[in-house]
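Report on one structure; see the data block that follows.
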Number of protein chains: 2
Amino acid sequence: MARDDTPNAASVGTTERSFRILERLGDREGCGVSELADSLSISKSTVHNHLQTLRELGYVVQDGDEYRLGLQFLGLGDRARQHHDLYHVAKPETDSLVEAVGERAQVMVEEDGVGIYVYQSLADQAVRTDSHIGTVVDLHATAVGKAYLAHFPDDRLDTVLDRLVFDEQTPQTLTDAEALRTELDEIAERGYAFNDEERTVGMRAVGAPILSADDGHVLGAISVSGPTTRMNGTWYHEEVPEMVAQSAQIIGIRATYS
Amino acid sequence: MARDDTPNAASVGTTERSFRILERLGDREGCGVSELADSLSISKSTVHNHLQTLRELGYVVQDGDEYRLGLQFLGLGDRARQHHDLYHVAKPETDSLVEAVGERAQVMVEEDGVGIYVYQSLADQAVRTDSHIGTVVDLHATAVGKAYLAHFPDDRLDTVLDRLVFDEQTPQTLTDAEALRTELDEIAERGYAFNDEERTVGMRAVGAPILSADDGHVLGAISVSGPTTRMNGTWYHEEVPEMVAQSAQIIGIRATYS
DNA sequence: ACAAACGTTTTGTCAAGCCGAACACACTCG
DNA sequence: CGAGTGTGTTCGGCTTGACAAAACGTTTGT
């Protein structure tokens, strides 16, 4: 996880604890009090209290001795997404892109220095990975992320790059900021970004930025990803980039003229 | 809101406060500290502390003087939904139903006595309403809810009905439990449920239960809803019910044989 | 039948969440 | 142009209530 700093003292530790419990509940699907308490190093009684409170609020459901994440989070998530109008216009176009290319396509939006997938469309043949809607993605090690950063305003780019942790996820991962900068320049000129096993071995991706049609600032990014066995040759280097870039442009136009 | 009881003392009040803030943030899209503090009757400094904590966790984003719900909730919501396998099989079938019928279709799952929409598909002509994915719905005043309750185990039905608040939402809303019971019997026999302006004036809906193919217990419900101007005659009374019931059956079969 | 593991309940204590007041800043209006 | 009101933020003291540890009741498996 390229989770961020937090050097300063937080204010409400109790809330933080509740969310740590919730996130852990999301990882395993359904688990008991003791397992949570052990893995989080919190006393059982405390975990129990939190779970009871969250249950009454409807954000956790109790199923015998197991607790699971409640569906109420769908409401909060959807509300948050509604505020980004990009989602609405990107959804249908992304679906048609998947219909044309196959594989998997995802739409990313940046929020507070990290990228988050707001939509994902899968073809039948798509590879199952760990990326879902709501997944937090590194901006420097994905096709969407690099396509996005390539059109990021310079001043904000610096602060984002400073916060980046260049942990080497595969042998192909870029590990220094300077190499990333030069690649970003290439991407900006070319119009789309590649990801060749930088994050997951055996997976390739092509991403393109979604730009506002009037002032040209970047709204998000879209990518197609699949296994290297299918993503290769001119299909990977030319045809797919062409289609992704075209979809990105259509979304950008629709997004600007609401 | 048919929000529930909670007469007993909760355990972690701080967490409860955080979620009250988050829910309020979702209602208005983006607002400031003072507005939140006033409407929740919490001191400004407390609200500020909570917001800072939530911001560091990524669940709230700060945009100048405004705070908004963060997209991280998409992750939690999606995780919660993944645990319900009904979603995966219902999604494609719901989309085809919308393609055939037009209007709007939604899939509901019950959790802890309330119904929650886990998926929604809209045709171009669909009416914009306040129901989204994650919306909590009354089980007694919607087509999905009644279709679901009609196949609910008797013992659990009693407890659910006891907790129901029969607030009259439109002149057509059912207001006593006995009338609801007899209607549920009719629905169970007929196989589908109607909603004729019981929740929203001008809106009609047809819902059918999604039943497990082996033991017949109810997994959820699906409905199509639209304006009375288009939903009428045999279309409303026969053709649409036929299609909804058929989709529900298909989903039920696919859900049982994973 | 015992033991080990679980979830829940209880108890006391001290940290920490809460509030109110003061602060800094941005606007508006007379 | 300042007085005035509206923000969001910071500060300090008080007391609440969140926390951990241990006791309790049930279930599991050997």
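The model shown is predicted, which means the values in this text are computed figures rather than measured ones. Quick note on labels: first sequence line is chain A, next is B, and so on, each numbered from 1. Just so it is clear, the values below take in all heavy atoms, side chains as well, and ignore hydrogens, waters and symmetry mates.
Relative ring orientation between B:F19 and A:F19 is described as parallel, the plane-to-plane angle staying below 30° on a 0-90° scale split at 30° and 60°.
In the model, A:R79 has no side-chain atom that pairs as donor or acceptor with a side-chain atom of A:Q82 under 3.5 Å.
In this structure, A:E66 atom CD and C:dC6 atom P are separated by 12 Å, rounded to whole Å. Atom CD in B:Q52 sits about 15 Å away from atom P in C:dC18, given to the nearest Å. Atom CG in A:D65 sits about 10 Å away from atom P in D:dT27, given to the nearest Å. Between A:L51 atom CG and D:dA18 atom P there is a gap of 15 Å when expressed in whole angstrom units. Rounding to whole angstrom units, OH of residue B:Y67 and P of D:dT7 are separated by 14 Å. B:H50 places its NE2 atom 8 Å from the P atom of C:dG17, with the value rounded to the nearest Å. A straight line from CZ of A:R55 to P of C:dG7 spans 15 Å, rounded to a whole angstrom. For B:N49 and D:dG8, the CG to P distance is 14 Å, given to the nearest whole Å.
Dashed line: the shortest gap from a side-chain N or O of B:T46 to OP1 or OP2 of C:dG17 is not under 4.0 Å. Contact check, B:R17 against C:dC18: a side-chain N or O comes under 4.0 Å of OP1 or OP2. Between B:T14 and D:dA18 there is a side-chain polar atom (N or O) within less than 4.0 angstrom of OP1 or OP2. Regarding contacts with the backbone of C:dC18, every side-chain N or O of B:H48 stays at 4.0 angstrom or more from both OP1 and OP2. Between A:Q62 and the phosphate of C:dT8, there is a side-chain N or O to OP1/OP2 separation shorter than 4.0 Å.
Taking the nucleotide of DNA chain C with the nearest heavy atom to each of B:S41 and A:G64, the more 5' of the two is matched to A:G64.
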Practice problem: List the steps, then state whether side-chain hydrogen bond (donor to acceptor under 3.5 Å, both in side chains) holds for A:S39 with A:R24. | Solution: CA-CA 9 Å; A:S39 69; A:R24 188 55 57 94; 2.9 Å; yes
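The pair B:R181-B:D154 does not meet the salt-bridge criterion, since no charged nitrogen lies less than 4.0 angstrom from a carboxylate oxygen.
Side-chain contact between A:L25 and A:L54: absent, with no pair of heavy atoms (C-beta onward) separated by less than 4.5 Å.
With hydrogens and angles ignored, a donor-acceptor pair closer than 3.5 Å exists between the side chain of A:S45 and the base of D:dA21. Under 3.5 Å, the side chain of A:K44 and the base of C:dG7 form at least one donor-acceptor pair of N or O atoms.
In this structure, B:S34 reaches the sugar-phosphate backbone alone: every heavy-atom distance under 4.0 Å involves primed, P, OP1 or OP2 atoms, never a base.
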